[in-house]
Amino acid sequence: MAIKLYNTLRKQKEEFVPVEPGKVKMYVCGPTTYNYIHLGNARPIVAFDIIRRYFRYRGFDVTYVQNFTDVDDKIINRAKEENMDPVALAKKYIEAYFADADQLGVLRADVHPKVTEHIKEIITMVRRIIERDLAYEVNGDVYFAVRQFPGYGKLSGRSLEDMQAGARIAVGEQKRDPLDFALWKAAKPGEPAWNSPWGKGRPGWHIECSAMSTKYLGETFDIHGGGADLIFPHHENEIAQSEGCNGVLSVKYWLHNGFITINQEKMSKSLGNFFLLRDILAKFPGPVVRFYLMNTHYRSPLDFDDQKLAAAEKSLQRIWTTYRLIAEKIAGLEKAPGSDGEDLATLKELPEKVRENFIAAMDDDFNTSLALAAVFDLCKEVNTLLNQRDFQGGEETIKALQAILALFAELDAVVAVLIPKEEETDDLTQDLLEIIMNLRGKARSAKDWPTADYIRDALKPLGIIIEDTPDGPRWKKEK
RNA sequence: GGCGCCAUAGCCAAGUGGUAAGGCAGAGGACUGCAAAUCCUUUAUUCUCCAGUUCAAAUCUGGAUGGCGCCUCCA
C-alpha cells in the first residue's frame, strides 16, 4: 500500500511517488536562532521527525535537511540587547536548540545548514535570478520581481490582485512593486555583511532556503515542510526563487503543520503568549511532550495547557506499564516455566494485527492519533491475557511475548515514546532497596501495616514507587 | 476587504456515504490489609444549527452561527 500525504500545493491527499525510487529527500524550515525555542517551534520538529522516521521505517532512504536561520533582523536586534556578537548569539541558541530537540527524541538531520555558511551559494543563486530577468538591483538591494514570475501565488492560492491590497513598501525600501521581496539587503552600519556583486550586504530571509535546499537535495526534491504560517509569503517566495532560478518544479509535496494555541489563540513570539520548551521540559519528561504532540494529527490545531500534558502523561504511562508487565512476565516465566496455554495463539497473532493497523494509519497522511489507538489496543489485549490468574506459559509463550516486546521496539523506532526510559539506579541504590523491600516484606507478613505503609509513603517523594502486585511486591524509579 | 482552516461526550481525539475508534476524567464491580497497577461493566440514539441530495449523511451540497489562521516577523 502506498503512503498518502496531504499536499498544500493542490489542497488534497496524494499518493507519495518519490522523485527517485526508494529515496525521500525532505527539507524542513528550522528556527531562527535568536531565542530558546518555544512549544510552537517544537511541533514541526517532532511532526517531521516522525514523518522522516516513518519513511525510513517503510524502507526509504531518507535525506533530511533542516536549516538554521542564523542571520536575520531579529538576531541582530537581540544581539544588541544582549550586547553580544550576532554570530555568537546564534551559536548559543543553536546549541540550546539541540539540547531541547534531544530531549524530545528528535534525531539529528543529515544536514543542518546555516545561512552564514552558504553566502556563496546564495549569491550565485541571486545572480542567476537576475540574469533571468526575475530580479533587479537598486542601490545595493536586490528584489525579486514578482510580476515577472507567472506561477506566483500557486501555493497560497492567492492572485496578485488579492495580495495587492495588503502589500506595502516599508520605509527605506526601493521596490518597483509593493509585492516584490528582497533577495539581498545592502549592509547597514554595524550589521553582519558579506561582499557581493551588489556591494556589502546580507541575504534576504527567503533566499536561504532555496539556495540550501537546492544544494543538498537538488533542483527538484520530494517534500518540503514547515508551519502553516510559512505558506505565505515564505514558501510562496521559495517557489518563485527556486523555480525562477532552476526552471523546474522545485518541490513535489508541500506539508504544513497546524499551530499550537493557548486559549485557542496562536502561540507566537510576537503575541508574547509562548511557553519555552525548556520550561515545559522542567515539568514534564520529553517523551510526554512528544506524545502530547503526537496525539493530535499534525495538521490540526492543538491547544495547550498543563492539564493536557498531565493527561498525556497518564496515557503514556499506560503504554509503559504494559511494556514493563510483559518484560516482568517474561522474566517470571523464565524462572518458573509452565506449559503453554490456549492464549498462545492470540499472543502470536497480536503483533501482525497491530503492525497492520499501525501502518495503515500512518500511511494515511501520518495519522499518529489512529496509530496510537492500535498500540492501545495491543496494551489492552496483552494486559487482559497476562492478568489472568491462571496465566502461565512455557518456551513458546516466552517467544510470543518477546515478539511483542520486539514490536514495541519496532514501532518505537517511529514514534520514539513507546519504551519507558528507566531512571538509572546505581548499585548502592539497588542493594539498599533490596534490604528495604525485605524489611517491608517482613512487616507485611507480621501484618504491621503502619510500618509497611510508612516505607511505601516515605519512598514515594524520592521517586521510588512500590506496588504490591498479585505476583508480589515490586519497585520502580520514576521521575 | 481578499484567501484558507475548523466545529464530534466533562476534557483530548480518530472517523469524509453504510449506521460513532482510542486516551484522560467519572460511576459500579473484581483483585488488595490498604494503596497502586490491571481487568470486567458503564458513560454521545448522536456528531454547532437549518434546509437539500441519497435506500442510507458526522461524512456530500447550499445556507446560518461560532472560533481560528494567513495577507507584516512568526513553526
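All chains are named by letter (A, B, ...) in the order of the sequence lines, taking the proteins before the strands, and each is independently numbered beginning at 1.
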K.L.:
Sticking with atom P, work out how far rU45(B) lies from rC6(B), rounded to a whole angstrom.
P.N.:
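That atom pair is separated by 25 Å.
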K.L.:
Considering only side-chain heavy atoms of Lys11(A), which listed nucleotide, rG4(B), rG23(B), rC73(B), is closest?
P.N.:
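Nearest to the side chain of Lys11(A) among the choices is rG4(B).
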K.L.:
Calculate the interatomic distance between Phe274(A) atom CZ and rC74(B) atom P; express it in whole Å.
P.N.:
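Rounding to the nearest Å, CZ of Phe274(A) and P of rC74(B) are 15 Å apart.
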K.L.:
Which whole number of Å gives the distance between the P atom of rA44(B) and that of rG23(B)?
P.N.:
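Comparing P positions in rA44(B) and rG23(B) gives a spacing of 16 Å.
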K.L.:
Starting at atom CD of Glu161(A), determine the distance to atom C1' of rG1(B), rounded to an integer number of angstrom.
P.N.:
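Value for this atom pair: 15 Å.
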K.L.:
Would you say the side chain of Ile280(A) lies within less than 4.5 Å of the side chain of Phe304(A), judging by non-hydrogen atoms?
P.N.:
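Sidechains of Ile280(A) and Phe304(A): in contact.
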K.L.:
Please check the phosphate of rC31(B) (OP1 and OP2 only) for any side-chain N or O of Thr469(A) closer than 4.0 Å.
P.N.:
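So the side-chain polar atoms of Thr469(A) never come under 4.0 Å of the phosphate oxygens OP1 or OP2 of rC31(B).
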K.L.:
Using whole Å, what does the distance between atom C1' of nucleotide rA36(B) and atom CH2 of Trp475(A) come to?
P.N.:
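Distance, rounded to whole Å: 17 Å.
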K.L.:
Assuming nearest nucleotide by heavy-atom distance, tell me which of Lys476(A) and Leu372(A) is located more 5' along RNA chain B.
P.N.:
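The residue closer to the strand's 5' end, by nearest nucleotide, is Leu372(A).
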K.L.:
Could you check how far NE2 of His235(A) sits from P of rA75(B), rounded to whole Å?
P.N.:
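Rounding to the nearest Å, NE2 of His235(A) and P of rA75(B) are 11 Å apart.
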K.L.:
Does the side chain of Ile45(A) come within less than 4.5 Å of Ile37(A)'s, by heavy atoms?
P.N.:
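Result yes, sub-4.5 Å side-chain heavy-atom pair found.
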K.L.:
At under 4.0 Å between heavy atoms, what does Ile260(A) touch on the DNA or RNA strands: base, sugar-phosphate, or nothing?
P.N.:
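Result for Ile260(A) = base.
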K.L.:
What is the pairing partner of rC39(B), taking Watson-Crick or G-U wobble pairs with both distances under 3.5 Å in any strand?
P.N.:
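Partner of rC39(B): rG29(B).
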K.L.:
Quote, to the nearest angstrom, the C1' distance that separates rC60(B) from rG67(B).
P.N.:
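Result for the C1' pair: 24 Å, nearest Å.
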K.L.:
Using purine N1 to pyrimidine N3 plus N6-O4 or O6-N4 for Watson-Crick, or N1-O2 and O6-N3 for G-U wobble, both under 3.5 Å, which nucleotide pairs with rA14(B)?
P.N.:
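With both distances under 3.5 Å required, rA14(B) matches none.
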K.L.:
Using the C1' atom as the point on both nucleotides, what is the distance between rU19(B) and rU59(B), in whole Å?
P.N.:
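It works out to 12 Å between them.
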K.L.:
Is rC34(B) paired to anything, Watson-Crick or G-U wobble with both distances less than 3.5 Å, and if yes, which nucleotide?
P.N.:
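Partner of rC34(B): none.
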K.L.:
Counting distance only, does the side-chain N/O of Tyr152(A) pair as donor-acceptor with the main-chain N or O of Arg158(A) below 3.5 Å?
P.N.:
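It does not hold such a pair.
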K.L.:
Summarise how protein sits on nucleotides 64-69 of chain B as a single string, 5' to 3': B when a protein heavy atom is under 4.0 Å from the base, S for sugar-phosphate-only contact, - for no contact.
P.N.:
----SS
K.L.:
So for Arg299(A) and rC6(B), does any side-chain atom that can act as donor or acceptor lie under 3.5 Å from a complementary atom in the base?
P.N.:
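Checked by distance alone, the answer is no.
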K.L.:
Among the candidates rG33(B), rA75(B), rC24(B), find the nucleotide nearest to the side-chain atoms of Arg440(A).
P.N.:
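The listed nucleotide nearest to Arg440(A)'s side chain is rG33(B).
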K.L.:
Rounded to whole angstrom, note down the P distance from rU41(B) over to rC47(B).
P.N.:
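Roughly 27 Å separates the two P atoms.
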K.L.:
Any side-chain heavy atom of Met212(A) sitting closer than 4.5 Å to one from Val115(A)?
P.N.:
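Sidechains of Val115(A) and Met212(A): in contact.
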K.L.:
Using a heavy-atom cut-off of under 4.0 Å over every strand shown, decide if Asn387(A) touches base, sugar-phosphate, or nothing.
P.N.:
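The residue Asn387(A) makes sugar-phosphate contact but no base contact.
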K.L.:
Assuming nearest nucleotide by heavy-atom distance, tell me which of Lys447(A) and Ala42(A) is located more 5' along RNA chain B.
P.N.:
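Its nearest nucleotide lies further toward 5', so the answer is Lys447(A).
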K.L.:
Can you check the distance between rA64(B) and rC71(B), where both ends of the measurement are the C1' atom (answer in whole Å)?
P.N.:
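Looking at atom C1' only, rA64(B) and rC71(B) are 26 Å apart.
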K.L.:
Do the side-chain N or O atoms of Lys460(A) get closer than 4.0 angstrom to the phosphate oxygens (OP1, OP2) of rA36(B)?
P.N.:
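For Lys460(A), the contact criterion (side-chain N or O under 4.0 Å from OP1 or OP2 of rA36(B)) is not met.
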K.L.:
Please state whether the base of rA75(B) and the side chain of Arg43(A) form at least one donor-acceptor pair under 3.5 Å?
P.N.:
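Check fails, no donor-acceptor contact within cut-off.
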K.L.:
Is the shortest side-chain heavy-atom distance between Gln103(A) and Leu277(A) below 4.5 Å?
P.N.:
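In short, these two side chains do not touch, never coming nearer than 4.5 Å.
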K.L.:
Say you draw a straight line from CG of Asp343(A) to CG of Leu386(A); how long is it, rounded to the nearest 0.5 Å?
P.N.:
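Spacing of CG (Asp343(A)) from CG (Leu386(A)) equals 8.5 Å.
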K.L.:
Give a yes-or-no answer on whether the side chains of Tyr97(A) and Gln66(A) include a donor-acceptor pair shorter than 3.5 Å.
P.N.:
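Present: a donor and an acceptor within the cut-off.
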K.L.:
Are Phe181(A) and Tyr143(A) close enough that their ring centres sit under 6.0 Å apart?
P.N.:
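No, too far apart.
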K.L.:
For a quick check of understanding: with a heavy-atom distance under 4.0 Å over all strands, which category does Gly258(A) fall into, base, sugar-phosphate or nothing?
P.N.:
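Base, at least one base heavy atom under 4.0 Å.
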K.L.:
If pairing requires Watson-Crick or G-U wobble contacts with both distances under 3.5 Å, which nucleotide is the partner of rG52(B)?
P.N.:
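Base partner found: rC60(B).
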K.L.:
Do the side-chain N and O atoms of Glu381(A) and Thr346(A) include a donor-acceptor pair separated by under 3.5 angstrom?
P.N.:
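No donor-acceptor contact under 3.5 Å links the two side chains.
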K.L.:
Which residue pairs pass the ring pair (Phe, Tyr, Trp, His ring centres under 6.0 Å) test when at least one of the two sits in residues 439-473 of chain A, sequence neighbours left out?
P.N.:
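Passing the test, one end in residues 439-473 of chain A: no pairs.
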K.L.:
Can you check whether Asn295(A) has a side-chain N or O nearer than 4.0 Å to OP1 or OP2 of rG22(B)?
P.N.:
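No, because none of the side-chain N or O atoms of Asn295(A) sits under 4.0 Å from OP1 or OP2 of rG22(B).
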K.L.:
What contact category does Asp377(A) fall into here, base, sugar-phosphate, or nothing, at under 4.0 angstrom with non-hydrogen atoms?
P.N.:
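Sugar-phosphate contact only.
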K.L.:
Rounded to whole angstrom, note down the C1' distance from rA20(B) over to rA13(B).
P.N.:
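Pairwise C1' distance, rA20(B) against rA13(B), rounds to 13 Å.
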K.L.:
Is there a donor-acceptor contact under 3.5 Å from the side chain of Asn67(A) to the main chain of Gly30(A)?
P.N.:
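A pair under 3.5 Å: yes.
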K.L.:
OH of Tyr97(A) versus P of rA75(B): gap in Å, rounded?
P.N.:
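It is 12 Å, rounded to the nearest whole Å.
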K.L.:
Give Leu230(A) one of three labels, base, sugar-phosphate or nothing, depending on what nucleic acid heavy atoms sit under 4.0 Å from its own.
P.N.:
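Result for Leu230(A) = sugar-phosphate.
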K.L.:
Check whether any side-chain nitrogen or oxygen of Thr384(A) sits under 4.0 Å from OP1 or OP2 of rC40(B), and answer yes or no.
P.N.:
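Checking Thr384(A) against rC40(B): at least one side-chain N or O falls below 4.0 Å of OP1 or OP2.
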K.L.:
Who is the Watson-Crick or G-U wobble partner of rC70(B), with both distances under 3.5 Å?
P.N.:
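Base-paired to rG2(B).
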K.L.:
Nearest whole angstrom, please: distance from the C1' of rU38(B) to the CZ of Arg474(A).
P.N.:
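Rounded to whole Å, this separation is 9 Å.
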K.L.:
Mind checking the P distance from rC49(B) to rA58(B)? Whole angstroms is fine.
P.N.:
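Here rC49(B) and rA58(B) have their P atoms 11 Å from each other.
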K.L.:
Which base, if any, makes a Watson-Crick or G-U wobble pair with rU65(B), both distances under 3.5 Å?
P.N.:
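Here rU65(B) is engaged in a pair, and the nucleotide opposite it is rA7(B).
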K.L.:
Whether the Asn383(A) and Thr322(A) side chains hold a donor-acceptor pair (N or O, under 3.5 Å, no angle test) is what I'd like checked.
P.N.:
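Side chains of Asn383(A) and Thr322(A): pair found under 3.5 Å.
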K.L.:
CG of Leu370(A) to CZ of Phe358(A): how many Å apart, nearest 0.5 Å?
P.N.:
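It comes to 10.5 Å.
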K.L.:
In whole Å, I'd like the distance from the CG atom of Asp468(A) to the P atom of rA37(B).
P.N.:
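Asp468(A) atom CG is separated from rA37(B) atom P by 13 Å.
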K.L.:
Answer yes or no: does a side-chain N or O of Asn383(A) lie under 4.0 Å from OP1 or OP2 of rU38(B)?
P.N.:
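Answer is no, no contact under 4.0 Å.
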K.L.:
What about Asn367(A): does its side chain form a donor-acceptor pair under 3.5 Å with the base of rG15(B)?
P.N.:
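No, no donor-acceptor pair under 3.5 Å.
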K.L.:
Contacts to RNA chain B from residues 317-326 of chain A, heavy-atom cutoff under 4.0 Å, which residues?
P.N.:
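Only Arg318(A), Thr321(A) qualify.
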K.L.:
Which whole-number value in Å describes the distance from His297(A) NE2 to rA7(B) P?
P.N.:
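Whole-Å distance recorded here is 12 Å.
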K.L.:
Can you see if the side chain of Lys380(A) gets near the phosphate of rG22(B) - specifically, an N or O under 4.0 Å from OP1 or OP2?
P.N.:
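No, no such contact exists.
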K.L.:
Using purine N1 to pyrimidine N3 plus N6-O4 or O6-N4 for Watson-Crick, or N1-O2 and O6-N3 for G-U wobble, both under 3.5 Å, which nucleotide pairs with rA44(B)?
P.N.:
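With both distances under 3.5 Å required, rA44(B) matches none.
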